[in-house]
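Values reported hereafter were calculated over all heavy atoms of this structure, with side chains retained and with hydrogens, waters and symmetry mates removed. First the proteins, then the strands, lettered A, B, ... as listed; each starts at 1.
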Protein chains: 2
Amino acid sequence: MQRGRQLRPGVTLVRAGEPMAALFVVRSGSAKRYSVTLGGGEQVHGFVLPGELVGLEGFASGRYTCEVSALEPLGYCRVPIRKLEQLLERLPGLRREILRLLGQALDESQRLRGELALSDARGRVAHFLADLSHRLARRGLSPTEFHLSMSRADIARHLGLTLETVSRALGTFKREGWLRVRARDISVLRPDALAALGSGIA
Amino acid sequence: MQRGRQLRPGVTLVRAGEPMAALFVVRSGSAKRYSVTLGGGEQVHGFVLPGELVGLEGFASGRYTCEVSALEPLGYCRVPIRKLEQLLERLPGLRREILRLLGQALDESQRLRGELALSDARGRVAHFLADLSHRLARRGLSPTEFHLSMSRADIARHLGLTLETVSRALGTFKREGWLRVRARDISVLRPDALAALGSGIA
DNA sequence: TGCAAAACTTGATCCATGTCAAGTACTGAT
DNA sequence: ATCAGTACTTGACATGGATCAAGTTTTGCA
């Protein structure tokens, strides 16, 4: 388990197609997971926050399948796969833990897919904010006052919307008094309303 | 590794919320993975074909998180988790294999999510058919002549569309000479066209 | 074999969101 | 502090797919 040198915004941590030599744990900052489509567009799979893992999909083929690049200065640890396999040999607890983490990632991905299939634009944006809030809270950060490290365009590409629609959704939440928005700084005034709309109680 | 008694269509193999006591491998038939939303609707996560695994998301919390029920008479094997853990203790190859399978499921789920976010209705239906075709071929079945075991409504709920839209998409593929459709029997005449449309070369 | 129910197709209309276009507000460099 | 470039907001309009509503085909049961 090595501490990696901090990455500056825009710098890539892993590239699609590279052999999977390690897993990464983000310690500070945030990152964007995405892949590049045939047309040259970006398909944003999600955002990585402190405490979260990068690289799990690599187990599929031994190569990473998406790019992960820093949105804010990114501190991380590197866990070489060789080392991990040695530890898995000896530690049943770690075996269960890694299965749990993979299961969790899978479950989350499926849940998100369902979200996309069922909700409308406002619902998706609400869900995005509620989810972010929840994950920040889990790390002891404020669930109601936070800074978006990603652009509206990134959010849009993540949710299958256009950046205009994301902007308008935020606009309506602001007007309804659910949020305060100033550029990328968000204050959540009605977490309940967002969570409800985000989980399909539209 | 036990062989399970064949299930009749409509019968449920695993239920959301049940403790995860085993993984299942489908041997014959097909099944639908779904969860029930707050409004009572079905959110279809996907379909399970022979050779594929059921229950992996259970590693997240030790409980299954979605329902899996048979669409056609379903033959399967049951792999108790206790037994699996014992084997993982001794077999490094199996450890890698289970990680590979989880990674694959994760990668697939993410790729599908991207599909949903980027394509329009025809693209999604084309992708669905191309994917099904591919998975059938992998099991040695015909990639061009097959029977859909799921209803249009199931396909729609899987793709985030309405059943009318799915029906219309199939209609246009038929008119353009890409498919022959007779109820649930499909003949693919232009696999190339479907695959292209399905992978965003719209 | 025939009948009823379910599944599917097709058509007409409406609306949410995409698209195009301007204008405004940040941000970072000099 | 100013300026240029980028990010974001807002508006007007177009459109793909949802919705509503018949019809038609298929399926399973008597």
Side-chain angles (χ1 to χ4, degrees), chain A residues 8-10 32 39 41-44 71-73 115-129 147-176 178-186 197 200 202, chain B residues 8-11 32 39 41-44 70-73 115-129 147-176 178-186 197 200 202:
Chain A
R8 290 195 301 163
K32 170 170 73 161
E42 265 183 27
Q43 177 175 312
V44 177
L71 290 168
E72 300 172 290
E115 213 43 59
L116 262 192
L118 296 174
S119 347
D120 62 0
R122 278 166 40 99
R124 292 184 206 180
V125 175
H127 181 270
F128 169 74
L129 291 172
H147 181 83
L148 297 174
S149 56
M150 67 296 286
S151 69
R152 304 287 194 266
D154 285 337
I155 298 173
R157 282 187 295 257
H158 176 49
L159 299 178
L161 301 169
T162 59
L163 68 94
E164 291 95 329
T165 301
V166 170
S167 180
R168 278 188 249 266
L170 291 174
T172 67
F173 294 156
K174 200 161 78 173
R175 234 167 294 124
E176 288 167 34
W178 296 6
L179 291 183
R180 204 168 306 140
V181 183
R182 206 205 146 243
R184 293 190 178 182
D185 292 312
I186 303 283
L197 184 55
Chain B
R8 291 194 301 162
V11 175
K32 170 170 74 159
E42 265 182 25
Q43 176 175 312
V44 177
L71 289 168
E72 300 171 290
E115 214 42 60
L116 263 192
L118 295 175
S119 347
D120 62 359
R122 278 166 41 98
R124 292 184 206 179
V125 176
H127 182 269
F128 168 74
L129 291 171
H147 181 82
L148 298 175
S149 56
M150 67 295 289
S151 70
R152 304 287 193 265
D154 285 337
I155 298 173
R157 282 187 294 257
H158 177 49
L159 300 176
L161 300 169
T162 58
L163 68 95
E164 289 96 330
T165 301
V166 170
S167 180
R168 278 187 249 267
L170 291 174
T172 68
F173 295 155
K174 199 160 78 175
R175 233 167 294 124
E176 287 165 34
W178 296 6
L179 290 183
R180 205 169 306 143
V181 183
R182 207 206 144 244
R184 293 191 178 181
D185 292 312
I186 303 283
L197 184 55

Report summary line: Taken in chain and number order and not counting sequence neighbours, the residues that satisfy side chain to side chain contact (heavy atoms under 4.5 Å, CB included) with B:P9 are B:P73
Query raised in the report: Looking at residues at least two apart in the chain, or sitting in another chain, which of them share a side chain to side chain contact (heavy atoms under 4.5 Å, CB included) with B:R180?
Result: B:S187, B:L189
Would you mind reading off the distance between [X] atom [atom1] and [N] atom [atom2], rounded to a whole angstrom?
{"X": "B:D185", "N": "C:dA7", "atom1": "CG", "atom2": "P", "answer": "17 Å"}
{"X": "A:D120", "N": "C:dG18", "atom1": "CG", "atom2": "P", "answer": "11 Å"}
{"X": "A:L118", "N": "D:dA18", "atom1": "CG", "atom2": "P", "answer": "12 Å"}
{"X": "A:R175", "N": "D:dT9", "atom1": "CZ", "atom2": "P", "answer": "11 Å"}
{"X": "A:L148", "N": "C:dT27", "atom1": "CG", "atom2": "P", "answer": "12 Å"}
{"X": "A:L179", "N": "D:dC8", "atom1": "CG", "atom2": "P", "answer": "15 Å"}

Output a table of nitrogen or oxygen pairs between the protein and nucleotides 24-29 of chain D separated by less than 3.5 Å.
none

If you look only at distance, which donor and acceptor atoms sit under 3.5 Å apart when one is on a side chain in residues 165-175 of chain B and the other is two or more places apart or in another chain?
unit_1, atom_1, unit_2, atom_2, d
B:T165, OG1, B:T162, OG1, 3.0
B:T172, OG1, B:R122, NH1, 2.8
B:T172, OG1, B:A169, O, 2.9

For [X], which residues count as a side chain to side chain donor-acceptor pair (under 3.5 Å) partner, sequence neighbours excluded?
{"X": "B:E72", "answer": "B:S30"}
{"X": "A:H158", "answer": "B:R113"}
{"X": "A:R157", "answer": "A:D154"}
{"X": "B:E115", "answer": "B:S119"}

Query raised in the report: Would B:R184 and B:R152 count as a side chain to side chain contact (heavy atoms under 4.5 Å, CB included) if you check the C-alpha gap in whole Å, the side-chain angles of each, and the deciding distance to 0.1 Å?
Result: CA-CA 9 Å; B:R184 293 191 178 181; B:R152 304 287 193 265; 4.3 Å; yes
Using nucleotides 12-14 of chain C, report all nitrogen or oxygen pairs with the protein that are shorter than 3.5 Å.
unit_1, atom_1, unit_2, atom_2, d
C:dA12, N6, B:R168, NH2, 3.4

Query raised in the report: If you look at every heavy atom in B:V125 and B:L161, which pair is closest and at what distance?
Result: CG2-CD1, 4.1 Å
Requested in this report: Heavy atoms only: give me the nearest B:I155-B:M150 pair and the separation to one decimal.
Outcome: CG1-CG, 3.6 Å
Report summary line: Between the CG atom in A:L118 and the CD atom in B:E42, the distance rounded to the nearest 0.5 Å is 11.0 Å
Requested in this report: Take the C1' atoms of the five end pairs on each side of the helix from C:dT1-D:dA30 to C:dT30-D:dA1, get both axes, and report the angle to 10 degrees.
Outcome: 50°
Query raised in the report: Which ones in residues 152-165 of chain A lie close to DNA chain C, meaning a heavy atom under 4.0 Å from one of its atoms?
Result: A:G160, A:L161, A:T162, A:E164, A:T165
